[in-house]
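I have placed the structure first, in the form of structure tokens, so that the comments after it can refer back to it.
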Protein chains: 2
Amino acid sequence: MDPKQDSDGFQPLDREGLVQRVARLLSKAIVTGQLSQGERLSESVVARQLGVSRAPVREAARLLENSGLVTYLPNRGFFVRSISSRELADLYEFRLVIETAAVRRLIRDGLGESETRLVQQIEEMRRVAGPGFDMLTQVEADMEFHRLICAGSGNPKYLATFDQIAMASELTIMMIGRLYDDAQRLAETHQPILDALLRHDEPEAVEALRYHIEVARDLVVEQFRNMEEKPD
Amino acid sequence: MDPKQDSDGFQPLDREGLVQRVARLLSKAIVTGQLSQGERLSESVVARQLGVSRAPVREAARLLENSGLVTYLPNRGFFVRSISSRELADLYEFRLVIETAAVRRLIRDGLGESETRLVQQIEEMRRVAGPGFDMLTQVEADMEFHRLICAGSGNPKYLATFDQIAMASELTIMMIGRLYDDAQRLAETHQPILDALLRHDEPEAVEALRYHIEVARDLVVEQFRNMEEKPD
DNA sequence: GTCAAGGAAATTGTCGACAATCGCCAAACC
DNA sequence: GGTTTGGCGATTGTCGACAATTTCCTTGAC
């Protein structure tokens, strides 16, 4: 997500702490479905399996709690969050609110570097839409586009909030097992948003975003409802 | 903030963990200015002073990080967050976005119990506006009104997000040392919002909220800028 | 058979100790 | 004199152990 190639000079080297590594492992396990809904996330068990102490596991779990991937119950521990279709709809509504605000600021303040970044990201989405890429990669490319919108807005709050809920979005998409009809089409549905952004057409950009997210919401929520009714 | 009098039934008894108690102590210390901007929040020192181990202090600090009260730097520890006037403006913009969305849903889905709650909260604000109440109490009553708006909206995401940023708002208001001209007037400025809500007049409610928050923002940000220029 | 009480096992909550890392300051070098 | 290097003190990072709490199973009464 972040390790940009810094052209010249050395890379910051993996100064990533144990907590982050554990957090990433856990989140990946949850998003890819290795850990199932409502499952207990025992500190001791995870710690033993990873060969570390409980302390970093605990902190990592707290981090995931902020992303909405796990729930913490006092004296009971962490559980993989189970999301209802209702919560899912709420989540998409929330995303719409945040991203709409971000788009507005983005246009008002000027795109700046975001212009090339967004263009490149759609290209990236097209690239990973081809064969040889798994769905997780495609979903992440999708989320990165929306993330860039939030990142480009002058207000860091939008990005911070988006990052908190992005994981949960990824999770649900992975759960339903497909995104739209195919990844290629998914990439194209972002084009109208970008076009409007490039034209600095605020009403159209907001409208395109609204349409994009609401379509996604309806699709995801419907698929999800089906799963709720008859869980395999 | 939370310990509501629950009318009938027993109180949950102080089943509040050590972490929450430490977190509340620290946040109060920060908001009331006992801990100053940028000051280091040493785990060991705090733990020694409170007579507890470092573990709960650490967790409490992580909690405060989510509220934006402290910053965490890897291998360097926690520091009381110093907020710039720029961030402050961003914060208010963000609040406007969230609360506007909440108001929209509140009106669309019907007020329900929020109606009486909001009315009571304005009364509460008037009550604590009188003599014998300190500013922290008045600020908290203010924030609680806005919190109720988010709580009443059907989408829990709005409330969760609001709670994350509420502390930072309180902090800055406490920092500038006064809110509006006086607490009495502050209470009254909420009336137009409530009136519009009770009439189910969405455009007017949104407009009243926008006006209210932008006035607050301008006042707070300006005061804050003055402090930045010549810090006493 | 159902339900309540009791207790054992497992899990979280907290703790104190040790290892890793950082910031500072003095010493050495150009 | 200015810069780099080395080490010292302090702080965070991680750990294993113990206390408190919950969960689940057993036991017993009705």
Side-chain angles (χ1 to χ4, degrees), chain A residues 9-27 29-30 34-82, chain B residues 2 10-27 29-30 34-82:
Chain A
F10 290 100
Q11 273 182 294
L13 203 49
D14 247 18
R15 295 294 280 94
E16 176 181 57
L18 193 52
V19 174
Q20 275 81 9
R21 244 186 303 171
V22 174
R24 194 146 47 165
L25 249 135
L26 285 179
S27 59
I30 294 175
Q34 293 175 37
L35 276 62
S36 47
Q37 300 261 98
E39 186 172 337
R40 170 177 225 127
L41 209 57
S42 168
E43 296 175 16
S44 344
V45 173
V46 174
R48 237 187 333 262
Q49 287 178 344
L50 297 182
V52 297
S53 130
R54 274 174 50 212
V57 174
R58 209 179 155 79
E59 283 202 35
R62 272 258 147 86
L63 251 48
L64 295 201
E65 194 192 5
N66 296 337
S67 309
L69 289 186
V70 305
T71 306
Y72 169 72
L73 299 171
N75 290 319
R76 312 249 343 261
F78 296 93
F79 296 83
V80 179
R81 189 121 194 272
S82 60
Chain B
D2 257 331
F10 289 101
Q11 273 182 296
L13 204 48
D14 248 17
R15 293 296 280 95
E16 173 182 59
L18 194 51
V19 174
Q20 275 80 6
R21 243 186 304 171
V22 173
R24 194 145 47 164
L25 244 122
L26 284 179
S27 59
I30 294 175
Q34 293 175 38
L35 276 61
S36 47
Q37 300 262 97
E39 186 173 336
R40 172 178 224 124
L41 210 57
S42 169
E43 299 175 15
S44 347
V45 173
V46 174
R48 235 187 335 261
Q49 287 179 344
L50 298 182
V52 298
S53 133
R54 272 176 50 213
V57 173
R58 210 179 154 78
E59 284 203 34
R62 273 260 146 85
L63 251 50
L64 295 202
E65 194 192 4
N66 297 337
S67 309
L69 288 185
V70 304
T71 306
Y72 169 73
L73 298 171
N75 290 318
R76 309 232 306 121
F78 295 93
F79 296 84
V80 179
R81 189 121 193 273
S82 60

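The sequence lines fix the lettering, A, B, ..., with proteins before strands; numbering per chain opens at 1. Because the structure is a prediction, the values reported are computed rather than measured.
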Quiz prompt | A:Asn75 CG - D:dC24 P separation (whole Å) | solution = 15 Å
Exercise. May I have the distance from B:Arg54 (atom CZ) to C:dA19 (atom P), rounded to whole angstrom?
Key: 15 Å
Quiz item: CG of A:Leu41 versus P of C:dT11: gap in Å, rounded?
Solution: 12 Å
Quiz item: Within this structure, what is the CG-to-P distance between B:Leu73 and C:dT21, rounded to whole angstrom?
Solution: 17 Å
Quiz item: How many Å lie between CD on B:Glu43 and P on C:dA20, as a whole number?
Solution: 18 Å
Quiz item: In whole angstrom, what separates A:Arg40's CZ from C:dT12's C1'?
Solution: 8 Å
Quiz item: Is the backbone N or O of A:Leu69 less than 3.5 Å from a side-chain atom of A:Ser67, with the two atoms forming a donor-acceptor pair by type?
Solution: no
Quiz item: C:dG13 phosphate, OP1 or OP2: any side-chain N/O from A:Arg58 under 4.0 angstrom?
Solution: yes
Exercise. Look at A:Tyr72 and C:dG13 and indicate whether a side-chain polar atom (N or O) is within less than 4.0 Å of OP1 or OP2.
Key: yes
Quiz item: D:dT12 P sits how many Å from B:Phe79 CZ, rounded?
Solution: 8 Å
Quiz prompt | Closest-nucleotide 5' rank along DNA chain D - winner of B:Ser44 and A:Ala55 | solution = B:Ser44
Practice problem: Look at all strands and tell whether A:Val45 reaches a base, only sugar-phosphate, or nothing, counting heavy atoms closer than 4.0 Å. | Solution: nothing
Quiz item: So, is A:Ser42 close to the C:dT12 phosphate, meaning a side-chain N or O under 4.0 Å from OP1 or OP2?
Solution: yes
Practice problem: Identify the heavy atoms of B:Phe79 and B:Arg40 that sit nearest to each other, and give their distance. | Solution: CD2-CA, 3.7 Å
Quiz item: Say you draw a straight line from CD of B:Glu39 to OG of B:Ser82; how long is it, rounded to the nearest 0.5 Å?
Solution: 12.0 Å
Practice problem: Write down the distance between CG (B:Leu18) and P (C:dG13), rounded to a whole number of angstrom. | Solution: 11 Å
Quiz prompt | A:Pro56 vs A:Arg76, nearer the 5' end of DNA chain D by closest nucleotide | solution = A:Pro56
